[in-house]
Amino acid sequence: MLHSRLTAQAKRGAFRAALASGDLLRLPGAFNPLSALAITRAGFEGVYVSGAVLSADLALPDIGLTTLTEVSRRAGEIARVTDLPALVDADTGFGEPLNTARTIQVLEDAGLAGCHIEDQVNPKRCGHLDGKSVVPLPDALRRIRAAADARRDPDFVICARTDVRALEGLGAALDRARALADAGADMIFPEALANAAEFEAMRKAVDVPILANMTEFGKSTLLTTETLRDVGVNVVIYPVTLLRLAMGAVTEALSVLAADGTQAALVERMQTRGELYDLLGYADYAKFDTTVFSHAYREQ
Ligand SMILES: C[C@](O)(C(=O)O)[C@H](CC(=O)O)C(=O)O
Ligand SMILES: [Mg+2]
């Protein structure tokens, strides 16, 4: 009931330990707190909070329009319902290095286990689209140093994302990843690597954990968990997968509803009332209510 019994600190400690284990941690993107419950129930190792999903949820494109307040609030709502660690997309840090420092503290307070900060120029865009650009290396390093210095819980994971691969090639991405790790990044998110061989090269280039972004309709081949494990990836995110599936179902359902004049044909594909209540832990709330009621009754 109320879902998470763990403090944010405990989740961060567990995330650190899991990263150090060398196992592959799978983090599907939650599009709301309820989907975070489903991810938890399904046995995944963590929850990802995507900037693309958060923007889309507000009916906005992913071009840096969302604010720290919006992101931290939604990410906090998601993080608090699960015992799993939640990693959030903090885009470019929401401003200059001083803003990035504040971002880290706000996200710590919101109960996140970590976040990633990228080296794109503002306004940023999806890492799998053309036309993006990155800041010079010294600026990228300043963002990461500011983030690392600001953190109060040493277990809060600061992941540095570099978007250099799609712009300057793999060699430049490997160089930048090394420099970001030296500047204090706990993990590297090399955006838009092409294939398994490139992840393998990244694995060899840095000593810190690396993250693979298995987003659909992008520049990266969709690799299986088996392949990702083989090349030594530590974290895999499926950032927009659940939202894309849900919106696919929504779009189709609307046309069936409009055509048939009833949702009857759709019912068998729905999560049932019973399944929803089970996921929510409805029975536990009812039990709690009874306890409160009996207690109050005895007092009278
Ligand atoms: C990971 C990402 O930053 C996100 O916001 O989820 C996006 C995902 C996407 O747009 O498919 C990105 O890769 O830039
Ligand atoms: Mg993003």
Side-chain angles (χ1 to χ4, degrees), residues 26-32 35 47-68 70-72 74-75 78 86-95 99-100 103 107 112 114-136 139-140 143-144 159-170 172-173 176-177 180 185 187-195 198-199 202 210-223 228 233 235-248 250-251:
R26 301 159 305 156
L27 278 58
F31 57 83
N32 60 12
S35 61
V47 168
Y48 179 68
V49 184
S50 149
V53 167
L54 220 137
S55 311
D57 196 47
L58 295 167
L60 293 170
D62 183 20
I63 52 173
L65 293 170
T66 50
T67 66
L68 172 59
E70 288 169 331
V71 171
S72 62
R74 191 57 163 167
I78 289 170
L87 179 75
V88 63
D89 180 353
D91 286 345
T92 56
F94 302 103
N99 302 86
T100 301
T103 294
L107 294 176
L112 277 298
C115 71
H116 61 78
I117 308 276
E118 70 203 35
D119 58 0
Q120 280 200 51
V121 166
N122 254 323
K124 52 94 16 88
R125 53 178 70 211
C126 166
H128 291 260
L129 296 184
D130 295 325
K132 61 180 183 178
S133 47
V134 295
V135 295
D139 295 344
R143 283 182 192 168
I144 295 306
C159 175
R161 161 171 154 176
T162 177
D163 281 66
V164 154
R165 162 66 185 92
L167 298 165
E168 296 169 30
L170 181 65
R176 197 169 267 226
L180 290 164
M187 178 154 70
I188 300 294
F189 172 174
E191 177 65 308
L193 295 192
N195 51 39
E198 295 201 359
F199 280 105
M202 184 57 69
I210 60 171
L211 178 151
N213 175 12
M214 290 293 108
T215 195
E216 305 83 13
F217 314 108
K219 291 184 189 296
S220 302
T221 312
L222 297 182
L223 303 168
L228 292 166
V233 167
V235 171
V236 55
I237 58 169
Y238 305 96
V240 199
T241 307
L242 300 186
L243 182 74
R244 292 194 218 283
L245 281 163
M247 286 308 292
V250 164
T251 309

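- The CG atom of Asp119 sits 8.5 Å away from atom CG of Leu167, with the distance rounded to the nearest 0.5 Å.
- Side chain of Ser72 to main chain of Leu107: no donor-acceptor pair is present (N/O by atom type, distance under 3.5 Å, no hydrogens or angles).
- Shown here for Gln120 and Cys126, the closest heavy-atom pair between the two residues is NE2-C, 4.5 Å.
- In terms of heavy-atom proximity, Asn99 sits nearest to Phe94 at CB-O, 3.3 Å.
- Distance check: Asp139 CG to Ile144 CD1 gives 12.0 Å after rounding to the nearest 0.5 Å.
- You'll find the side chain of Asp130 reaches within 4.5 Å of the side chain of Lys219, heavy atoms only.
- For the pair Ile117 and Gly93, the tightest heavy-atom approach, listed with the atom from each and the gap, is CD1-CA, 4.0 Å.
- The shortest non-hydrogen separation linking Ile188 to Leu180 is CD1-CB, 3.9 Å.
- With sequence neighbours excluded, the residues forming a salt bridge (Lys or Arg N to Asp or Glu O under 4.0 Å) with Asp163 are Lys132, Arg161, listed by chain and number.
- Not one N or O on the side chain of Glu191 forms a donor-acceptor pair closer than 3.5 Å with the backbone of Arg165.
- Counting heavy atoms from C-beta on, the side chains of Leu65 and Ser55 never come closer than 4.5 Å.
- Looking at Asp89 and Ser50, their side chains never bring a donor and an acceptor atom within 3.5 Å of each other.
- Ring pair Tyr48/His116 is parallel by interplanar angle, where below 30° counts as parallel and above 60° as perpendicular.
- Taking CG of Leu223 as the reference point, atom CZ of Phe199 lies at 6.5 Å (rounded to 0.5 Å).
- In this structure, OG1 on Thr241 lies 3.5 Å from CD on Glu216, to the nearest 0.5 angstrom.
- Atom OG1 of Thr66 and atom CG of Asp91 lie 5.5 Å apart (nearest 0.5 Å).
- Residue pairs meeting the salt bridge (charged side-chain N to carboxylate O under 4.0 Å, His left out) criterion with at least one member in residues 52-67, sequence neighbours excluded: Asp57-Arg74.
- Nearest heavy-atom pair, Ala90 versus Thr103, reported as atom, atom and distance to 0.1 Å: CB-CG2, 4.2 Å.
- Side chains of Val240 and Phe217 form no contact here, defined as non-hydrogen atoms less than 4.5 Å apart.
- Nearest heavy-atom pair, Ala192 versus Gly127, reported as atom, atom and distance to 0.1 Å: CB-O, 3.8 Å.
- Rounded to the nearest 0.5 angstrom, Asn195 CG and Thr221 OG1 are separated by 5.5 Å.
- Inter-residue side-chain proximity for Pro61 and Arg125 is flagged as unmet; no heavy-atom pair is nearer than 4.5 Å.
- No hydrogens or angles considered: a donor-acceptor pair under 3.5 Å links the side chains of Arg244 and Thr215.
- When Leu112, Leu211, Val49 are each tested for a side chain to side chain contact (heavy atoms under 4.5 Å, CB included) with Leu87, only one passes: Leu211.
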